[in-house]
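Worksheet: the structure to be examined is printed underneath.
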Amino acid sequence: MDAGANFYQRVYQVLAAIPRGCVSTYGDIAMLAGSPCAARQVGGVLKHLPEGSKLPWHRVVNRNGQISLTGPDLSRQREALIAEGIDVSHEGKISLSRYRWKI
DNA sequence: AGCGTGACTCCTC
DNA sequence: AGAGGAGCCACGC
């Protein structure tokens with residue numbers, strides 16, 4: 001990880017490193033990006049993410065294992081997670097203890 | 001250079 | 001148990 005890289009760039013790296021079929025939380029990504037308390041900023045990064053991006057932004061959920069998004073984007077992320085084999089049928093909640101990615 | 005904002009998180013009532 | 005408020009960091013204006 002390059003020290004000269006911006007926070008956004010680091011988030012991209014961490015995001016791309018999340019294995020398929022796993023999820024991560026904003027707080028974890030922020031910590032891995034070098035700023036343990038910048039969870040909100042992680043959301044800002046994903047929001048700025050272009051639609052054509054190959055980054056698995058859908059593998060990012062909040063601390064509760066739920067999608068913090070609202071509206072159609074929420075459904076899209078949920079569908080993407082299901083497509084990766086992640087079970088979100090449990091009231092839209094994901095079992096972090098089972099799918100959460102940790103180094 | 002300073003203020004406001006947010007796809008978060010934690011603590012308290 | 002559920003709702004509300006404060007704290008935190010990086011970025012845009």
Side-chain angles (χ1 to χ4, degrees):
Chain A
M1 204 67 79
D2 305 76
N6 291 338
F7 181 76
Y8 272 50
Q9 210 64 43
R10 297 195 185 186
V11 172
Y12 294 153
Q13 282 284 124
V14 176
L15 204 57
I18 302 176
R20 183 183 173 285
C22 293
V23 298
S24 190
T25 67
Y26 295 94
D28 281 353
I29 293 176
M31 179 175 61
L32 294 172
S35 299
C37 296
R40 293 186 102 180
Q41 207 53 30
V42 174
V45 175
L46 301 183
K47 181 163 64 172
H48 258 260
L49 218 60
E51 295 184 13
S53 179
K54 307 295 186 300
L55 296 174
W57 62 272
H58 50 267
R59 292 179 191 151
V60 185
V61 295
N62 64 14
R63 194 63 191 178
N64 259 328
Q66 271 210 290
I67 301 173
S68 296
L69 285 169
T70 55
D73 287 336
L74 193 156
S75 304
R76 191 184 315 160
Q77 179 171 5
R78 189 179 56 197
E79 292 299 315
L81 291 172
I82 294 173
E84 301 216 338
I86 298 173
D87 180 24
V88 292
S89 307
H90 194 65
E91 298 183 357
K93 291 184 236 172
I94 299 172
S95 302
L96 287 178
S97 54
R98 177 174 178 174
Y99 296 109
R100 185 178 177 201
W101 173 63
K102 200 175 177 187
I103 304 182

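Quick note on labels: first sequence line is chain A, next is B, and so on, each numbered from 1. The shown structure was predicted, so the numbers you read here are calculated from the model rather than taken from an experiment.
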inquiry  = So, does A/Thr70 get its side chain near the phosphate of B/dA7, meaning an N or O under 4.0 Å from OP1 or OP2?
reply    = no

message = Would you say A/Ser68 places a side-chain N or O within less than 4.0 Å of OP1 or OP2 belonging to B/dC8?
response = yes

When you get a sec, tell me which of [options] is the closest nucleotide to the side chain of [X]?
{"X": "A/Cys37", "options": "C/dC9, C/dG7, B/dC10", "value": "C/dC9"}
{"X": "A/Gln77", "options": "B/dA7, B/dC8, C/dC11", "value": "B/dA7"}
{"X": "A/Phe7", "options": "C/dC8, B/dT9, C/dA10", "value": "C/dA10"}
{"X": "A/Gln41", "options": "B/dC8, C/dC11, C/dC8", "value": "C/dC11"}

query = Which comes earlier along DNA chain C counting from the 5' end, the contact point of A/His48 or that of A/Pro36, where each point is its nearest nucleotide?
reply = A/Pro36

task = Might you point out which heavy atoms bring A/Gln66 and A/Val61 nearest each other, and give the distance in Å?
result = O-CB, 3.5 Å

What is the distance, to the nearest angstrom, from the [atom1] atom on [X] to the [atom2] atom on [N]?
{"X": "A/Leu49", "N": "C/dC11", "atom1": "CG", "atom2": "P", "answer": "15 Å"}
{"X": "A/Asn62", "N": "B/dA7", "atom1": "CG", "atom2": "C1'", "answer": "9 Å"}
{"X": "A/Leu32", "N": "B/dC8", "atom1": "CG", "atom2": "C1'", "answer": "15 Å"}
{"X": "A/Asn6", "N": "C/dA10", "atom1": "CG", "atom2": "C1'", "answer": "10 Å"}
{"X": "A/Lys47", "N": "C/dC11", "atom1": "NZ", "atom2": "C1'", "answer": "11 Å"}
{"X": "A/Tyr26", "N": "C/dC8", "atom1": "OH", "atom2": "P", "answer": "22 Å"}
{"X": "A/Ile29", "N": "B/dG6", "atom1": "CD1", "atom2": "P", "answer": "20 Å"}
{"X": "A/Arg40", "N": "C/dG12", "atom1": "CZ", "atom2": "C1'", "answer": "15 Å"}

ask   = Should A/Leu49 and A/Tyr12 count as side-chain neighbours, where that means a heavy-atom distance under 4.5 Å?
value = yes

query = Hey, does A/Ile29 have a side-chain heavy atom less than 4.5 Å from the side chain of A/Val45?
reply = no

ask   = Which is true for A/Gly44 with a 4.0 Å heavy-atom rule: it touches a base, it touches only sugar-phosphate, or it touches nothing?
value = nothing

ask   = Donor-acceptor pair, A/Gln13 side chain versus A/Ala33 backbone, under 3.5 Å?
value = no

ask   = Between A/Arg98 and A/Asp87, is the closest basic N to carboxylate O distance under 4.0 Å?
value = no

